[in-house]
Amino acid sequence: MPKKIAIIGSGFSSLSASCYLAQMGYDVTIFEKNSTVGGRARQLKKEGFTFDIGPSWYWMPDVFENFFNDFNTSVSDFYTLEKLNPAYKVFFKNYESIQIEDTLEKIYCAFETEEKGSSHKLKKFIKTAQNNYDIAIKNLVYRPGVSPLELVTKETMLRIGQFFSTISKEVRKEFKNEKLIQILEFPVLFLGAKPSDTPAFYSFMNYADFGLGTWHPKGGMYEVILGMAKLAKSLGVKIQTEAAVEKIIVENGKSKGVVVHAETIESDIVLCGADYHHGETLLDNEYRQYSEKYWENKTFAPSSLLFYVGFDKKLKNVHHHNLFFDTDFDAHAKDIYDHPRWPDEPLFYANFTSLTDPNSAPTGKENGFFLIPLAPGIEDTEELRTTYFNKIITRFEDLTHQSVKNNIIFKESFCVKDFISEYNSYKGNAYGMANTLFQTAFLRPKLKSKKVEHLFFTGQLTVPGPGVPPSLISGKLVAGLIEAEYKQAIKPKLITT
């Protein structure tokens, strides 16, 4: 009966899986190549400033709560949440902006102010989105992508047309105001694909946005990682950092362990929570399920150019989350997906957690996180990084009516090369594989290896898809597959927090 499990990587999906597997009674060890846990969700501390290096949006709070509830705990046992109001601010050209506040009624009013009659259309749209959310969470995303029949339910059959239409088509049927269209198309960007390529069923992301709201864990997103790591350790999970896995050992078609620092560490099961493509490169060619051509032909979510900036003053006219949609949305999307290149005039995102969380910056100062979505695999040089920082900071000053360039204490950047070197990310992608129609559910890379027994995968390149909540779910799904196959079924451990 298998007992020892080696997990590669310590991101959200790996930590999630480790907790479920340890609760089932397995002897679990996580091997993380970097010096801290968290995978893409790491933290930068510099000169009294604190930044989340990776994920910065806390959506779908019910998924996080469900995860901790599975261990007879709750989110509040590990970190404190605050609902943001406004959730975010969107800047458009001609110095126009719209704030998305913290209740549906306020959002309906904002839409009605912008376009007469749009509040009634939005209510109808959100009702459909909420129904889709309930179906997705209760019936679909917690299924392991083993069979196409997982998608066949009474509820999904009634909505089959939504899988063959797109978010963009459905939004544009009802709304004519371009600013409102961009706000409604924005949430599916978290799924890694253009709204015109994303099935309409994924409007459930609009309910996640407007209906469930945007939250902030006090101390930053890294507090979620610390909470999960604390839970994992309380269940007996062992975590080794600075422990890059160099090879997955296979004998007679079965995984037998991993090689770390040239030392063989035996295990009964290997679970790869690192980038799926990288995980397969740890195998000899004959044991890899997917060819390089397979990966080349897939649609990947964007990479990003990120900046972490310390300002020596408090900033004006911004909120915790800010979207800068003052340039051509479609042109930027084409530069990511259709003809990969650096965009001429990029959209960008900025957050300032110190507005909500004063401890993330010294008194009287502000921390800034800036993000430009980019095509994965494109050229990445310091000169390009500098050029694009100057582009966005100039627009930032103009749109927010303030001077900030001379108030920068420091700036750090992170881009395609860093995603590759730090996370072994395929072409430097930031969010995994996009959720398009032909990359959904059973059409994504499998949780269980088809060629090697006792080898499994988890994370945002497999089911259910990109994003933090799906990564938590992916960990639960793969743990369930392992348990179904090997039935360890040891009495769950008591948890102390």
Side-chain angles (χ1 to χ4, degrees), residues 1-7 9-30 32 37-39 41 55 58-83 133-134 136-144 208 212-213 215-239 269 271 273 447 456 458-459 463-464 467-497:
M1 182 74 70
K3 284 195 64 176
K4 292 184 68 174
I5 297 181
I7 299 181
S10 66
F12 283 106
S13 58
S14 291
L15 287 172
S16 170
S18 76
C19 291
Y20 287 106
L21 292 166
Q23 186 187 50
M24 293 167 184
Y26 292 92
D27 179 359
V28 181
T29 302
I30 291 174
E32 166 59 50
V37 296
Y58 193 104
W59 274 7
M60 302 170 71
D62 51 326
V63 173
F64 294 86
E65 195 63 61
N66 289 342
F67 168 76
F68 285 104
N69 288 171
D70 282 343
F71 303 94
N72 299 314
T73 64
S74 66
V75 160
S76 60
D77 292 322
F78 297 94
Y79 52 91
T80 301
L81 279 179
E82 176 181 354
K83 191 174 188 182
Y133 188 88
D134 291 341
I137 294 299
K138 292 175 183 175
N139 295 311
L140 298 182
V141 297
Y142 285 95
R143 299 189 179 196
L212 299 178
W215 301 74
H216 174 69
K218 187 176 180 180
M221 287 292 289
Y222 197 64
E223 290 299 312
V224 185
I225 288 291
L226 294 178
M228 294 180 71
K230 181 179 179 182
L231 174 62
K233 289 176 181 177
S234 75
L235 290 160
V237 175
K238 297 175 284 295
I239 301 176
I269 297 169
L271 169 58
L447 291 167
F456 296 81
T458 187
V463 290
V468 175
S471 292
L472 295 182
I473 294 168
S474 185
K476 181 173 184 175
L477 291 175
V478 75
L481 276 187
I482 291 171
E483 176 64 2
E485 184 150 341
Y486 303 112
K487 303 215 184 306
Q488 188 75 8
I490 291 176
K491 184 178 179 180
K493 300 174 185 179
L494 295 175
I495 301 167
T496 56
T497 59

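Since the model is a prediction, treat every value here as computed from it, not as a measurement.
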Hey, what do you get for OH (Tyr20) to CD (Glu483), rounding to the nearest 0.5 Å? 13.5 Å

Out of curiosity, Met221 CE to Phe12 CZ, how far, rounded to the nearest 0.5 Å? 4.5 Å

Return the set of residues passing side chain to side chain contact (heavy atoms under 4.5 Å, CB included) with Pro469 (not counting sequence neighbours), or none when no residue passes. Met60, Val63, Phe64

Any side-chain heavy atom of Val37 within less than 4.5 Å of one from Tyr222? yes

I need the full list of salt bridge (Lys or Arg N to Asp or Glu O under 4.0 Å) pairs touching residues 217-227, with sequence neighbours left out, sorted by first then second residue. none

Report yes or no: does Thr458 contribute a side-chain atom to a donor-acceptor pair with the main-chain N or O of Gly273 at less than 3.5 Å? no

Val141, Asp134, Leu140 screened by side chain to side chain contact (heavy atoms under 4.5 Å, CB included) with Ile137, the one that passes: Val141

Ser18: what forms a side chain to side chain donor-acceptor pair (under 3.5 Å) with it, not counting sequence neighbours? none

Any sub-3.5 Å donor-acceptor pair from Ser13's side-chain atoms to Leu472's backbone N or O? no

Step by step, would you call Tyr142 with Ile473 a side chain to side chain contact (heavy atoms under 4.5 Å, CB included)? CA-CA 7 Å; Tyr142 285 95; Ile473 294 168; 3.6 Å; yes

Looking at Val463 and Pro144, what are the two nearest heavy atoms and their distance? CG2-O, 3.4 Å

What's the separation between atom CZ in Phe456 and atom CG in Leu481, rounded to the nearest 0.5 Å? 6.5 Å

Once rounded to the nearest 0.5 Å, what's the spacing between atom CD1 of Ile239 and atom NZ of Lys233? 5.0 Å

Check: Leu235 main-chain N/O paired with Gln23 side-chain donor or acceptor under 3.5 Å: no

Straight-line distance of Lys230 NZ to Leu15 CG, nearest 0.5 Å: 14.5 Å

Give a yes or no on whether the backbone of Asn69 and the side-chain of Thr73 come within a donor-acceptor separation of less than 3.5 Å. no

Atom pair CZ (Phe68) and CG (Leu231), whose distance is rounded to the nearest 0.5 Å: 6.0 Å

